[in-house]
Amino acid sequence: MSAEVETSEGVDEPEEKNFGENHIRMADLSELLKEGTKEAHDRAENTQFVKDFLKGNIKKEIFKLATTALYFTYSALEEEMDRNKDHPAFAPLYFPMELHRKEALTKDMEYFFGENWEEQVQCSEAAQKYVERIHYIGQHEPELLVAHAYTRYMGDLSGGQVLKKVAQRALKLPSTGEGTQFYLFENVNNAQQFKQFYRARMNALDLNLKTKERIVEEANKAFEYNMQIFSELDQAGSAPASETVEDRIPVHDGKGDVRKCPYYAAGQVNGALEGSSCPLRAAMAMLRKPSLQFILAAGVALAAGLLAWYYM
């Protein structure tokens, strides 16, 4: 309303343009992220897979493998966060005691798969691309880690809690938390207050406008990686019964440096790392279960991050 009045009174165009630019420069990063990823949120919210999960249409075996996808993702993310804990563009957002999920996910993996769980996991091609992107960012553009950390952890503290309740009810998991340790933040007393604190820390980062825009772009890329998982789900769901899953869904070959397992990446191609792997101790000899189950699981896991934005 006020902008229209000023224009009608003769404020010339250059002044109006400068006002808009200055307004953008003053915008909080959290608000830029919210507005800049709105379209991606809408696309994610309307996928059939997400809607079905919220209705409780999820099998226990799929949820078990979803935990596997989360383990790979957070192993990569937290390795890079540890690497950059002193970087000025990320240090204020480093809260390992409050946020890190790898230890909790390890407990969930042991609950679902037993002590030898590491011999039973594998990574789909689309899920591996997201892991590689996280490693590339952490090693070459650490300021962009903000996008991945904010998307994941703020989601876990909000929408993730909804998913926890759905999973416990649909799968009859123990109310004491076995199998859903991932969603339990023992060192966060008040999730809402912590999220506000985290956003304030993020908004206080000393970043110029261009860097903020790149962070928003990176957050959208994270959503795109998630949507690639959903695309694999669509392909798997439409495959004729006579076709084997391996004919339709690419699965990572399990090769690589096991000392870096499960998230080592070595080379670079088009802004991401090439030649990395999600290596398995038993490699392809252990691939007894259909890879379709993993693809579905990865979609469930990454859906948690997508859904979270609607409950923040």
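The first residue of the sequence shown is numbered 1, and numbering continues consecutively from there.
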Return the set of residues passing side chain to side chain donor-acceptor pair (under 3.5 Å) with [X] (not counting sequence neighbours), or none when no residue passes.
| X | answer |
| --- | --- |
| Asn208 | Thr211 |
| Asn57 | none |
| Asn187 | none |
| Glu218 | Arg133, His148 |

Closest non-hydrogen atom pair between [X] and [Y], with its separation:
| X | Y | value |
| --- | --- | --- |
| Tyr111 | Glu178 | CE1-CB, 3.5 Å |
| Val216 | Leu33 | CA-CD2, 3.8 Å |
| Leu173 | Lys60 | CD2-CE, 4.1 Å |

Review item, side-chain donor-acceptor pairs of residues 103-110, under 3.5 Å, at least two apart:
residue : atom : partner : partner atom : Å
Thr106  : OG1  : Lys102  : O            : 2.9
Asp108  : OD1  : Thr180  : N            : 3.3
Asp108  : OD1  : Gln181  : N            : 2.9
Asp108  : OD2  : Gln181  : N            : 3.2
Asp108  : OD2  : Phe182  : N            : 2.9

Glu78: partners by salt bridge (charged side-chain N to carboxylate O under 4.0 Å, His left out), with sequence neighbours left out =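 Testing Glu78 for salt bridge (charged side-chain N to carboxylate O under 4.0 Å, His left out), a comparison that skips the adjacent residues, returns none.
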Sequence-distant partners of Arg83, salt bridge (charged side-chain N to carboxylate O under 4.0 Å, His left out), two or more places apart =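 Here the qualifying residues are Glu79, Glu80.
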Who pairs with Phe194 by ring-ring contact (aromatic ring centres under 6.0 Å, His included), at least two apart in sequence or on another chain?
->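 If we apply the ring-ring contact (aromatic ring centres under 6.0 Å, His included) test to Phe194, skipping adjacent residues, the hits are Phe95.
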For Tyr94, ring-ring contact (aromatic ring centres under 6.0 Å, His included) partners two or more places apart =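 For Tyr94 the ring-ring contact (aromatic ring centres under 6.0 Å, His included) partners, ignoring immediate neighbours, are His100.
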For [X], enumerate each residue passing the side-chain contact (heavy atoms from CB on, under 4.5 Å) test, keeping only those at least two apart in sequence or located in another chain.
| X | answer |
| --- | --- |
| Pro88 | none |
| Asp206 | none |
| Asp86 | none |

Ring centroid separation Tyr74 to Tyr153 under 6.0 Å =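 Yes, the ring centres sit under 6.0 Å apart.
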same_hphob_cluster(Leu184, Leu157) at 4.5 Å side-chain heavy-atom cutoff |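 Per the 4.5 Å side-chain linkage, Leu184 and Leu157 are not co-clustered.
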Side-chain H-bond candidate by donor/acceptor type, Tyr150 with Arg199, under 3.5 Å |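 Present: a donor and an acceptor within the cut-off.
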Quick one: do the Glu224 and Asn220 side chains pair a donor with an acceptor below 3.5 Å?
->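 There is no such pair (donor and acceptor under 3.5 Å, judged by atom type) between the side chains of Glu224 and Asn220.
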About how many Å separate CG of Asp156 and OH of Tyr183, when rounded to the nearest 0.5 Å?
->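 If we round to the nearest 0.5 Å, Tyr183:OH and Asp156:CG are 7.5 Å apart.
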Quick one: do Lys38 and Asp42 make a salt bridge, cutoff under 4.0 Å?
->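 Salt bridge absent between Lys38 and Asp42.
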